[in-house]
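For reference, the structure discussed in these notes is given below.
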Amino acid sequence: MLELKDVHTYYGNIHALKGISITVKDGEIVTLIGSNGAGKSTTLRTIQGLNRPRSGTVTLDGVSLEKMEAHKIAEFGVAQSPEGRMIFPRMTVMENLEMGAYVRKDLTSYKDDLEHVFSLFPRLKERINQKGGTLSGGEQQMLAMGRAMMAKPKILLLDEPSMGLAPLLVELIFDIIKKLNEEGTTILLVEQNALMALSIAHRGYVLQTGEIVLADDAKKLMKNEDVQKTYLGVE
Amino acid sequence: MQPNIKTGITFGIIGGLLTFLFGGWSVAVIGCFMGIGLGLGFGGRIEKSTPFNMAKEASKPGFTAAGVLLIVSLIQNFVIQGLIGKSQAELNTFIFSNLIAFLGSAGLTCLVVSFGGYDKKKEQTYKLALLAAVVIAFPFVDNFTELRWTAQIIFALIFVILGLGLNIVVGYAGLLDLGYAAFFAIGAYTTGILSSPVHNTEWNFWLVIWIAAAMAGLWGLMLGAPTLPLRGDYLAIVTLGFGEIVPVLFKNLIDVTIKEPLTCWILPLFRIQTTCITFFEHADLTLGEKGISPIGRPYLPIIGEFESSKPITWYFLIVALILLSVFIINRLRDSRLGRAWMAIREDELAAAQMGIDPVKTKLAAFAMGAMFSGFAGAFYAAYIRGIFPSVFDFSASIIILCVVILGGIGNINGVIVGGLVLMTADRLFLPALKDFLTALLTHTVLPSISNPAVQAAVSANANPILYRFLLFGLTLVIMMAVRPEGLIPNAQVRAELHANEEKKG
Ligand SMILES: Nc1ncnc2c1ncn2[C@@H]1O[C@H](COP(=O)(O)OP(=O)(O)OP(=O)(O)O)[C@@H](O)[C@H]1O
Ligand SMILES: [Mg+2]
C-alpha cells in the first residue's frame, strides 16, 4: 500500500503541494485529476524521490520513501511512465525495455514479460530495432509504459498516458491500463482526461492548486456536480 | 570516372608523397598498408558476389593505385632525392622495394576485398588473421628495412591505451574529462617512485604496473567522489582544475616529511614521552622539475631485460597491454555496468528512475578510465626510463581527447585508429616532414637568399613541429565540419548526428 500523509513539496519558494494525503491500496487503480499546474506531476515526482517533500511522509508497504534516493526507490518497486516520457533517445526500443528491467534481480520471467509487453503494444514489436528518439509521440508513450512495466513494480505511476494520442489509441491505452490492473498491478494514474480515468479507476482524488479538494469512489466522483462542471465539461 | 578509381588515384598520390619523406624501403611498407586500407575501403562499396569476382572487381582500382604509387615513387627516387641532396637508393633496394610496393598494394587490395565474398563469420576471421599477421610482422619488417618506425609507433600505442581509457569516461558514460592526463601522471610517478635507483626502491615492473593502475584508479575514486555529482559543464571545469593541480603537485613533492601523528604530536601534548615514528623525513619523492630518472625496466626470463635499443620487445608488451585492455573494455561495455553507463549518458534522471545509482555508476567509469591511464603511465615511465612533470600538462589531456574524438567517440576500433593516425602523424610524419623541408630548403631556396636574416628566419620557421598544436586544432576543426562522428563512428552517435539528413533523403 502506498500512503502519502500531509505532504508539502516546494520548488524554491513555490509551494506546489500543500499538505496532500493519498492512499493507494494493493490491487487498486487510483486516479489523480486536476487542471494544469495543480501539482499532479509533482505528486508523482515526490513519490519517486525526484522531489523531496519538505514535510509529511510517503510510505510504501510501511517503508518510508521520503529520504530514500531515487534509484533506491525504483529498486524498491516504484516505476513511472513519466511526463515527457523520458525514454532513452539513442537506444533502440529493445534496449529501452531492457533498461526498464534493470532493477530486477529475478529475470526468470524476463522473456515472458517482454512478450507480454509486445502483445499489449504490437507496434513496439514491429519497431524493435528503431532508436527510441525516432519513434512517434504515441509510440514513445507506449514505450515509456512498456519500459515501466518491465520493472515489474509494486506500484506503477502513470503520468498522462493518453497525452498526444489519437482518440482510438486513447481508448486502447485505457483498456491496457485496466487489463494490467486486472492482472494484479497497482496503479496510480494521473490524467487530464478525467472521464476516461474515472471510468476505469476504483477511486479518485481531485487536486486543485496543490490541495486535495475531493476524494471519493470513482463512480461517485463522476456524478459529482463540481467535477462534472470543471473536469468533465458538463454544463 | 568510377569513384573507386578516383579513390585509388588519391591514395596512390598520398602514399607516394609519403615516400618523399622517408625514402628507402618505405615505399614497400607504405604500399602494403595502402593496399589493406584500400581493400577495407572498397569492401563496402563493391557488390557482394563470389570472392574471386569481388577480387576481380577490385583489381582495376587496386592496380591503378599501385601504378600511381609506383610513378610517384619513381619521381621520388630520380628527382626528389637529388633535390634534397641525397643519393639515389641502391639499385637492388630500389627494384625490390618498388616491386613489393606494387604487388603488395594491388594484391592486398584484392585479397582484402575478396574476404567480403565469404559469409560474415569467415570474413571476420580472415580479417582478424590478416590484422594479426600485420601486427606481428610489422616490427620485424621495420627492423629489416631500417625505417626505425617501431620506437615511434610505441608512443602511438601508449596513446591508444590512454584513448581507450578516456573513451570509457567520455564515450560510454558521457562525462567530459579535461584532466585525464592527471591519471597518466599518477601511473607514471607511481612507477617512478617505486622502481628507481634514485629512491633505492627497485621493485619489479610486473608488480609495479598493477600498483600503478590501482593507484590511478584509487585517485580516480578520490577525485571523482566530490565532483561527480556535478553535471556537464561543471564537471568539465573541475576536471580541468585537477589536470592542472596534479602535475604541479608532483613538481613540488620534493621535500616530504611524514610522521606518525600519535607519537609525534598527540602524545607529546599530554607530556607523554615517546619516540616519534617518522616514515619519511625530507624525502625528495619526485625530484621536481628534473624528474625521476632512470627508472627500472621490465625483465622476462628468455628475453632478458627490455632495452631501449630493442624496441621490438617493448612493442609486443604494449600490444599485449592493448589486447588485454580491449578484452576488458569489451566485457565491461556488454555488462550491466556498461548498460548503466549508456543510460547515464543518455539521460541521467531517467536512468535514476530505472534504478541506476548515478553517482556510483559515474564513479565506476571514472575509476576504470583512470586505471587504464595508470597502465599506460607505468609503461611510459619504464619505456622512456624517466618522467618529467611537463609531459603531463593540459596539452596531454587535450591530445588524448583528440584521439577519442578523431577516432570516433564510443567506438573501440575507432579510438585505436584515432590514436594510431594522430600520434603517428605527430611522432613520425611531422619530424620526417621537418627533415625533408630542411633538406629541400638548404639545397634549393636558401642558397639563393642573400639576406642572412631572412635566410635564418625561413629555415627556422620551416619547421612543422612548431605548428603541431595548430595542426591538431585544424584537424579537429576540419573533422568536425566534414565527419563529426569520427573516423570509425559509434552507430548511435552517427545516427544522432545525421538524423536530419536521413529524414530528408
Ligand atoms: N521545476 C520547477 N520549478 C518551479 N516550479 C515548478 C517546477 N515544476 C513545476 N513547478 C510548478 O509547480 C506547480 C505544479 O506543477 P506540476 O507539474 O505538478 O503540475 P501538473 O498538475 O502536473 O500540471 P499539468 O497537467 O500541466 O502537467 C505548477 O505551478 C508549476 O509551475
Ligand atoms: Mg503534469
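Note on naming: letters A, B, ... go to the chains in the order of the sequence lines (proteins, then strands), and numbering restarts at 1 for each one.
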| Looking at side-chain heavy atoms only, is the closest gap between A/R90 and B/M342 below 4.5 Å? | no
| query | Would you say B/Q124 has more than 12 foreign heavy atoms packed within less than 6.0 Å of its CD? | reply | no
| query | What's the spacing between B/D347 CG and A/M91 CE if we round to 0.5 Å? | reply | 10.0 Å
| said: Counting only heavy atoms from other residues, nucleotides and ligands, does the tally under 6.0 Å from CZ of B/R45 exceed 12? | reply: yes
| message | Measuring from atom CZ of B/R345 to atom CZ of A/F88, what distance do you get when rounded to the nearest 0.5 angstrom? | response | 11.0 Å
| field | Closest heavy-atom pair and its distance - B/A352, A/A74 | value | O-CB, 4.0 Å
| request: Please tell me if the side chains of B/E346 and A/I87 come closer than 4.5 Å, counting only heavy atoms from C-beta onward. | output: no
| task | Flag this pair as yes if the NZ/CZ of B/R336 is under 6.0 angstrom from the six-membered ring centre of A/Y102 and inside a 45 degree cone about the axis; otherwise no. | result | yes
| message | For the CD atom on A/E183, are there more than 12 heavy atoms of other groups (residues, nucleotides or ligands in this structure) within a distance under 6.0 Å? | response | yes
| For A/K18, does the NZ atom have more than 12 heavy-atom neighbours from other residues, nucleotides or ligands under 6.0 Å away? | yes
| Top contributor to chain B contacts, counting heavy-atom pairs under 4.5 Å, from A/E69, A/M150, A/H71, A/Q48 | A/H71
| said: Do B/M354 and A/V103 have side chains that approach each other closer than 4.5 Å (heavy atoms only, starting at C-beta)? | reply: no
| query | So how far is it from A/M99 CE to B/I356 CD1, rounded to the nearest 0.5 Å? | reply | 3.5 Å
| task | Might you confirm whether atom NZ of A/K5 has over 12 heavy atoms from other residues, nucleotides or ligands at distances under 6.0 Å? | result | no
| task | Please examine the side chains of B/Q353 and A/L50, heavy atoms only from C-beta on, and report whether any two atoms are closer than 4.5 Å. | result | yes
| request: Go through A/A151, A/P89, A/A148 and name the one with the most non-hydrogen pairs under 4.5 angstrom from chain B. | output: A/P89
| query | Should we say atom NZ of B/K48 is surrounded by more than 12 heavy atoms from elsewhere, each under 6.0 Å from it? | reply | yes
| query | Would you say A/R123 has more than 12 foreign heavy atoms packed within less than 6.0 Å of its CZ? | reply | no
| task | Tell me, yes or no, whether the heavy-atom count around B/F327 atom CZ, taken from other residues, nucleotides or ligands under 6.0 Å, exceeds 12. | result | no
